[in-house]
Amino acid sequence: MAEAVAVQEELRSRVDLVGPGPSAPATVAGLDVAYAESGDLLAAAVTVLDTRTLEVVDRAVSVGRPAFAYVPGLFAFRELPALLAALDRLATRPELLVCDGHGLAHPRRFGLACHLGVVTDLPSIGVGKTPLVGVWTPPQAERGAWSPLRDGDEVVGRVLRTRSGVKPVFVSVGHRVSLDNAVAQVLALTPRHRLPETTRTADRLCRDALATATRR
DNA sequence: GCGACAG
DNA sequence: ATCTTGTCGC
């Protein structure tokens, strides 16, 4: 487990925090993982959406075993293998990865989104539903409002309101994307729901894959 | 020492 | 993450 931390400290030097990343990507990928109640089986899914129509144009899944125990801060080691396997099965090359979890908003500034970005060398961002690190003040109630997510004296992300009057999401940079662009991409992916269409479609796909794998 | 703690 | 019912609102 100490080795995992060492790996993060080593790889974090490869993170590109400047970006700014694609301003108008043609395709964006969503990644998510579902677990069986038994906890010994999981399904990872990647869906690639056409950013203009938000329709799924490519998809891939990977069923396997959790590669690591769930430890906050080392979360990537648990899902990364399966997610990479799913990414390898994609027929297309997405221009941006939208991860279900954090990027820089991590105790060592190397969350899942950073890890996935560095390993694939693809632009990536993290969109978390709940915080891992940082303090913030609630953003205004209107969609698009945000407030900085601060950890110590660093701004590690933004608390973004994707739907008026609904609980905000936590956006942070993963790799090769600027924070401004990360927020712009998330808003483009949330025309009607709190979570990006990318994570919603990936979530449905991995749940279906898990159900299929379980009943066999 | 006692909590908090992505999914 | 997963286990869970009804309910309020667009």
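Each chain gets a letter, A, B and so on, in the order the sequences are listed, and its residues count up from 1.
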Length of the line joining [X]:[atom1] and [N]:[atom2], which is rounded to integer Å:
{"X": "A:His115", "N": "B:dA6", "atom1": "NE2", "atom2": "C1'", "result": "15 Å"}
{"X": "A:Asp32", "N": "B:dG7", "atom1": "CG", "atom2": "P", "result": "10 Å"}
{"X": "A:Leu31", "N": "B:dG7", "atom1": "CG", "atom2": "C1'", "result": "13 Å"}
{"X": "A:Arg163", "N": "C:dG9", "atom1": "CZ", "atom2": "P", "result": "16 Å"}
{"X": "A:Arg143", "N": "C:dC10", "atom1": "CZ", "atom2": "C1'", "result": "15 Å"}
{"X": "A:Asp151", "N": "B:dA6", "atom1": "CG", "atom2": "P", "result": "14 Å"}

- Query: If we ignore angles and hydrogens, is there a donor and acceptor under 3.5 Å between the side chains of A:Glu79 and A:Tyr35?
  - Reply: yes

Which part of the nucleic acid, if any, lies within reach of [X] when heavy atoms closer than 4.0 Å are counted: base, sugar-phosphate only, or nothing?
{"X": "A:Leu112", "value": "base"}
{"X": "A:Leu74", "value": "base"}
{"X": "A:Tyr70", "value": "base"}
{"X": "A:Gly73", "value": "base"}
{"X": "A:Pro107", "value": "nothing"}

- Message: Quick test of your reading of the model: are A:Lys129 and A:Asp100 salt-bridged, counting only N-O distances below 4.0 Å?
- Response: yes

- With under 30° as parallel and over 60° as perpendicular, where do the rings of A:His115 and A:Phe77 fit, or are they tilted in between? perpendicular

- After noting the C-alpha distance and the side-chain angles of A:Thr199 and A:Asp32, does the key distance pass the side chain to side chain donor-acceptor pair (under 3.5 Å) rule? CA-CA 6 Å; A:Thr199 69; A:Asp32 193 23; over 6 Å; no

Look at [X] and [N] and indicate whether a side-chain polar atom (N or O) is within less than 4.0 Å of OP1 or OP2.
{"X": "A:Thr130", "N": "B:dC5", "answer": "no"}
{"X": "A:Arg78", "N": "B:dA6", "answer": "no"}
{"X": "A:Lys129", "N": "B:dG7", "answer": "yes"}

- Which nucleotide, C:dA1, C:dC3, B:dG7, lies nearest any side-chain atom of A:Glu37? C:dC3

- Query: Of all the choices, B:dA6, C:dA1, C:dC3, which nucleotide is nearest to the side chain of A:Tyr35 once you look at every atom?
  - Reply: C:dA1

- Item | Proximity of A:His102 and A:Phe75 rings by center, below 6.0 Å | no

